[in-house]
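Presented below is the structure to which this report refers.
Sequence lines set the chain letters: A, B, ... in the order given, protein chains first and strands last, and positions in each chain run from 1.
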Amino acid sequence: MAEITTDTSHVFAAVLSRVTAAIEALVAAKRLPQNLDLGRVLVEPPRDPTHGDLATNAAMVLAKDAGKKPREIAEAIAETLRADDWVEAVAIAGPGFINLTLKPAVWRDALKAAILAGADYGRMPVPEAAKPVNVEYVSANPTGPMHVGHCRGAVFGDALANLLAFAGKPVTREYYINDAGAQVDVLARSAFLRYREALGENIGPIPEGLYPGDYLVPVGKELAARYGDTLRDKPEAEWLPDVRKIAIDMMMAMIRADLEALNVRHDVFFSERSLVEGTADAVARTIVELRDAGKVYEGRLPPPKGAPPEDWEDREQTLFRSTDFGDDIDRPLLKSDGSYTYFASDIAYHRSKVERGFSDLIDVWGADHGGYIKRMQAAVAAVSGGLAALDVKIVQLVKLLRAGQPVKMSKRAGDFVTLRDVVDEVGKDAVRFMMLNRKNDAVLDFDLAKVIEQSRDNPVFYVQYGHARGRSVFRHAREVVGELPENPGEQAKALVAGPLERLDDPGEIAIMRQIAQFPRLIEAAAAAHEPHRIAFYLYDLASAFHAHWNRGNDAPYLRFIIQDDPQLTLARLALVQGVITVLSVGLGLLGVEAPDEMR
RNA sequence: GGCCCCGUAGCUCAGCCGGAUAGAGCAGCAGCCUUCUAAGCUGUUGGUCGCAGGUUCGAAUCCUGCCGGGGUCGCCA
C-alpha cells in the first residue's frame with residue numbers, strides 16, 4: 001500500500017499518492033483486479049480551470065485492464081477521494097476524468113511550503129542510487145573567439161545542467177577541446193605569422209588558408225616576448241608544437257572569459273590531445289577494443305550520393321560498424337593519410353566519459369551536426385556495451401536581427417559578430433533568457449533592439465520586472481507591517497505566520513496554484529531535457545502577478561498593501577514572497593539575474 | 001536521391017507521457033486609464049493544428065505516405 005503524502009511542497013505528487021492509494025484500496029476490496037499498471041496515471045491541472053484544481057485520467061487509463069467502463073471506475077475512485085481530507089469536491093466529467101477541487105487550505109499550505117523552502121523550492125533530493133549525468137556543451141574550437149552561433153548551445157547546455165542538478169541529478173559540465181586536429185596546426189601557423197609581424201616583419205596580407213583575425217596579434221606578441229627571434233629561422237617541425245600550445249592556451253583563455261561574461265560554467269575542460277598523446281593512445285586502444293568486439297573492420301564504402309565526388313577514391317578503410325546500431329552506413333575511423341578522423345577520437349572521448357562512470361550522456365550540438373547523431377549514439381552503445389545512453393540536443397540556428405532587419409555578417413574571414421559583441425550590447429540576461437525562450441530545435445530570431453525594450457513584448461524585462469515589483473512591495477510595506485526580520489529564514493517564518501486564510505480572492509488563489517505547480521514543472525522539464533519550459537512558466541507567473549497588481553488599480557481593496565490592515569498586508573506579503581521565490585529560483589536556473597529594482 | 005528537424009490564429013510561438021470546447025503574446029476591433037513602481041489596463045475577433053490514410057474509447061500529439069521550408073550527406077570539425 002502506497003503512503004499518502006501530506007507534503008504540500010509538491011501538491012501534484014501528493015495528490016497523485018492519494019489517487020494511487022484510493023485505487024489500491026479498491027484493489028484490496030476486490031473491486032478492481034490486481035496488477036494494474038498505475039504508471040500512466042497522471043494528476044495535472046485541467047485545461048479548463050472551471051473544471052476544478054486538478055484532474056486525473058486514472059479511470060480512463062485503467063479501464064481496459066480492469067475490464068470496466070471508465071466512468072464506473074471513476075465513480076468508485078471518486079467515492080474514496082470524497083473522504084480525503086484535502087478534497088473539497090470531486091466531479092466526474094467527459095470520458096472519465098476525475099476533477100478535484102482542493103480545500104483552499106491546501107493551496108495556502110503549498111504557499112507556506114514554498115516560502116519556507118525559499119531558494120530550495122522545487123529542488124529534488126539526490127536519490128541514493130543517483131546516476132551521474134555528463135552534459136557536454138560549447139566545445140568550440142580553440143582557434144578564435146566564440147561567435148553568436150556558439151551562444152545558444154552555451155546557454156542551453158548551462159541551463160540544462162542547472163536544471164538537472166536542481167532536479168536531483170549529479171551533473172558534470174564538460175567542454176571538449178578540439179586541440180588535436182589539423183585546424184590547430186593552422187592556428188599555430190597563423191600565430192607564427194603574427195609572431196614574425198611582432199618582430200617587425202611586414203607580413204602583408206594573410207595568406208589563404210590561415211586565420212586572418214586580429215585576435216592572433218596578441219599571440220604573436222606573446223611569442224615574441226617569450227622567444228625573441230629564436231624561433232624565426234627554425235624549421236616548422238621544431239617550433240610548431242610550442243607555438244601551438246601557447247596559441248591554444250591563449251585562445252582557451254579568451255573563450256573562458258567569453259563564457260564567463262555569459263555566466264556559463266564548466267567543471268571539466270577535456271583535451272582531445274590528451275587522448276592521443278603520450279604512451280597510452282586512447283583512440284588506438286578504443287579501435288583495438290572495438291575491432292576485438294567485431295565492431296571495427298576493413299572494408300569499402302559506396303561513394304556518397306548527392307554531391308558529385310570529385311576526389312572520391314574507392315579504397316579499403318577502417319570502418320566502425322555503426323549500421324549494427326541503426327546508422328545508415330558504416331563510418332571511417334582513419335583518414336587517407338592514416339590519422340584519426342574526428343569521429344574516431346570522439347568515440348574515444350565518449351568512451352572516456354563512460355569509463356569515468358557516466359551512463360547518462362547529453363551532448364549539445366549545433367544543427368549542422370544533426371547528421372552525426374546516429375553514429376555517435378551507435379558508438380556510445382558500442383563502447384558501453386549498451387549500458388550508457390546518449391541524448392543529443394540540437395540547438396537550431398539563431399537569426400541575428402536589429403529592429404527586424406538581419407544583421408549583416410560579412411563572409412570575409414575574421415569579420416563576424418562575436419558572442420562578446422552581443423553580450424556587451426544587450427547584456428547577458430537578455431541573451432540568456434531569449435536563447436531559452438524557444439524550444440531548442442526551433443530556429444530563433446534574436447532581435448538586438450527588441451530584447452532591451454522595456455515593455456510587455458519583451459519577456460526578459462517582463463519577468464524581471466515582476467520580481468522587482470515584488471521586492472518593491474516589501475520596501476513599501478515596512479510602513480504598514482513594520483520591519484520584518486533581515487534573515488531570510490526568520491522572515492519566511494514571520495510571513496507564514498500571517499493570516500493566510502485571508503488570501504481568498506480568485507486572483508490570489510490562482511497565483512497560489514501557479515506557485516504550487518513549480519515543482520511539477522521542474523520535474524517535467526528535467527525529464528524532457530527542456531529548460532525552455534521554465535522560461536515559459538516564468539512568463540505566465542509574472543503575467544498573473546502583473547494582472548493581479550493591475551486589478552488593484554480599479555479595486556483598491558485588492559492591493560497588496562492595505563494601510564489600515566497590517567494583518568491582511570502581511571498575508572498578501574506572503575503571496576508576494578511566493579512569487580518572488582519562484583521567479584528568483586526559476587531565473588536562477590536560467591542563469592538570469594532577478595533584480596531588486598529596474599533601472 | 002538518403003537521413004534529421006520544422007510546418008498550430010494575419011505575425012512570433014507554447015501545447016507536458018495520447019485526453020475534455022486547441023492556448024499565449026503581438027497586430028486588429030471595442031472600451032477604460034495617467035497610477036500602491038513608470039515602462040498602461042480590460043474585453044473581444046480570429047484555427048480544416050501542411051495534406052491523406054492508419055492505430056483506439058479518444059490524435060495537434062503515436063505510425064505510414066505525400067507536399068512545403070531548413071540542415072546534412074567518406075577522409076572538414
Subject >> Atom-pair distance (CD1 on A:I394; P on B:C3), nearest Å >> reply: 18 Å

Original post:
Relative to the 5' end of RNA chain B, which residue comes earlier, A:D337 or A:Q396, by the nucleotide with the nearest heavy atom?
Top reply: A:Q396

Subject >> Pairwise C1' distance, B:G25 and B:C67 [rounded to whole Å] >> reply: 30 Å

**OP:** Find out whether the Lys NZ or Arg CZ of A:R520 is both under 6.0 angstrom from the six-membered ring centre of A:F12 and within 45° of the ring's axis.
**Re:** yes

**OP:** Any chance you could lay out the side-chain hydrogen bond (donor to acceptor under 3.5 Å, both in side chains) test for A:H467 and A:E593, step after step, and finish with the verdict?
**Re:** CA-CA 10 Å; A:H467 185 268; A:E593 211 72 43; over 6 Å; no

Original post:
Ring stacking, A:F97 with base of B:G19, under 5.5 Å and under 30°?
Top reply: no

Original post:
What nucleic acid atoms does A:R300 come within less than 4.0 Å of, heavy atoms only: base, sugar-phosphate, or nothing?
Top reply: nothing

Subject >> Atom pair distance, as rounded to whole Å: OH in A:Y342 and P in B:U72 >> reply: 16 Å

**OP:** Starting at atom CG of A:N57, determine the distance to atom P of B:A20, rounded to an integer number of angstrom.
**Re:** 11 Å

**OP:** Check every strand shown and say whether A:A525 touches a base, only sugar-phosphate, or nothing at a heavy-atom separation below 4.0 Å.
**Re:** nothing

Original post:
Charged N to carboxylate O under 4.0 angstrom, A:E453 versus A:K450?
Top reply: no

Original post:
Which part of the nucleic acid does A:P332 contact within heavy-atom distance under 4.0 Å: base, sugar-phosphate only, or nothing?
Top reply: sugar-phosphate

Original post:
When you compare B:A60 with B:C36, how far apart are their C1' atoms, in angstrom units rounded to a whole number?
Top reply: 43 Å

Original post:
Would you say the ring centroid of A:F560 lies under 6.0 angstrom from that of A:F545?
Top reply: yes

Original post:
Can you find a side chain N or O atom of A:Q183 that sits less than 4.0 Å from OP1 or OP2 on B:A77?
Top reply: yes

Subject >> No-hydrogen, no-angle side-chain donor-acceptor test under 3.5 Å, A:H369 and A:D363 >> reply: no

**OP:** Classify the side-chain pair A:Q377/A:R375 by whether it contains a donor and acceptor separated by less than 3.5 Å.
**Re:** no

Subject >> Minimum side-chain heavy-atom gap A:L448-A:L400 below 4.5 Å >> reply: yes

Subject >> A:H476, nearest nucleotide to its side chain (from B:U21, B:C75, B:C36) >> reply: B:C36

Original post:
Where does RNA chain B pair, written as one dot-bracket string 5' to 3', with Watson-Crick or G-U pairs under 3.5 Å, ( ) inside the strand, [ ] for crossing pairs and | for another strand?
Top reply: (((((((..((((.....[...)))).(((((.......))))).....(((((..]....))))))))))))....

Subject >> Salt-bridge present (A:E174, A:K353; N to O < 4.0 Å) >> reply: no

Subject >> Whether A:H51 stacks on the six-membered ring of B:A20 base, 5.5 Å and 30° limits >> reply: yes

Original post:
A:E272 has an atom CD; how far is it from atom C1' of B:C76, in whole Å?
Top reply: 13 Å

**OP:** Sticking with atom C1', work out how far B:A24 lies from B:C16, rounded to a whole angstrom.
**Re:** 16 Å

**OP:** Mind calculating the distance between CG (A:L301) and P (B:G74) to the nearest angstrom?
**Re:** 10 Å

Subject >> Under 4.0 Å protein heavy-atom contact, by nucleotide of nucleotides 6-18 of chain B - B base, S sugar-phosphate only >> reply: S-----SSSSBB-

Original post:
Between A:R244 and A:D185, is there a side-chain N and carboxylate O pair less than 4.0 Å apart?
Top reply: yes

Original post:
Base, sugar-phosphate, or nothing for A:A93, non-hydrogen atoms under 4.0 angstrom?
Top reply: base

Original post:
So, A:E272 versus A:S345: side-chain donor-acceptor pair below 3.5 Å or not?
Top reply: yes

Write out a two-atom table: protein N or O, nucleotide N or O from nucleotides 64-68 of chain B, distance below 3.5 Å.
none

Original post:
NA contact type, A:Y539, heavy-atom cut-off 4.0 Å: base, sugar-phosphate, or nothing?
Top reply: sugar-phosphate

Original post:
Taking the same atom, C1', in B:G54 and in B:U61, what whole-Å distance lies between them?
Top reply: 15 Å

**OP:** For A:E597, report the nucleic acid contact type (base, sugar-phosphate, nothing); a contact means any heavy atom under 4.0 Å.
**Re:** nothing

Original post:
On a whole-Å scale, what distance lies between the P atoms belonging to B:G71 and B:A27?
Top reply: 32 Å

Original post:
How far, in whole Å, is B:U64 from B:C17 if one measures between their C1' atoms?
Top reply: 22 Å

**OP:** Say whether, by atom type as modelled, one donor and one acceptor occur between the side chain of A:D596 and the main chain of A:R471 under 3.5 angstrom.
**Re:** no

**OP:** For A:P556, answer base if it contacts any base atom (sugar-phosphate contacts may also be present), sugar-phosphate if it contacts only those atoms, and nothing otherwise; contact means non-hydrogen atoms under 4.0 Å.
**Re:** nothing

Original post:
Are A:N437 and A:H532 close enough that a side-chain donor and a side-chain acceptor fall under 3.5 Å?
Top reply: no

Subject >> B:U12 versus B:G2 - spacing of their C1' atoms, nearest Å >> reply: 33 Å

Subject >> Interatomic distance where CG belongs to A:N553 and C1' belongs to B:C36 [whole Å] >> reply: 8 Å

**OP:** Can you tell me the distance, in whole Å, between the CZ atom of A:R375 and the P atom of B:C73?
**Re:** 9 Å

**OP:** Classify the nucleic acid contact of A:T341 as base, sugar-phosphate or nothing, counting any heavy atom under 4.0 Å across all strands shown.
**Re:** sugar-phosphate

Original post:
Hey, is A:D327 close enough to A:K374 for a salt bridge, meaning N to O under 4.0 Å?
Top reply: no

Original post:
Is a donor-acceptor contact shorter than 3.5 angstrom present between the side chain of A:N99 and the base of B:A20?
Top reply: yes

Subject >> Distance, C1' atom - from B:G68 to B:C49, rounded to whole angstrom >> reply: 16 Å

**OP:** May I ask you to say what A:R572 touches in the nucleic acid, namely base, sugar-phosphate or nothing, with a heavy-atom cut-off under 4.0 Å?
**Re:** nothing

Subject >> Pair A:R502 + A:D565: basic N to acidic O under 4.0 Å >> reply: yes

Original post:
Considering only B:U21, B:G19, B:A77, which nucleotide approaches the side chain of A:A182 most closely?
Top reply: B:A77

Original post:
Taking atom types as modelled and ignoring hydrogens, do the side chains of A:T101 and A:D53 form a donor-acceptor contact shorter than 3.5 angstrom?
Top reply: no

Original post:
How close or far is atom C1' of B:G25 from atom OH of A:Y537, stated in whole angstroms?
Top reply: 19 Å

**OP:** Return the 5'-most residue of the pair A:S339, A:E453 with respect to RNA chain B, ranking by each residue's nearest nucleotide.
**Re:** A:E453

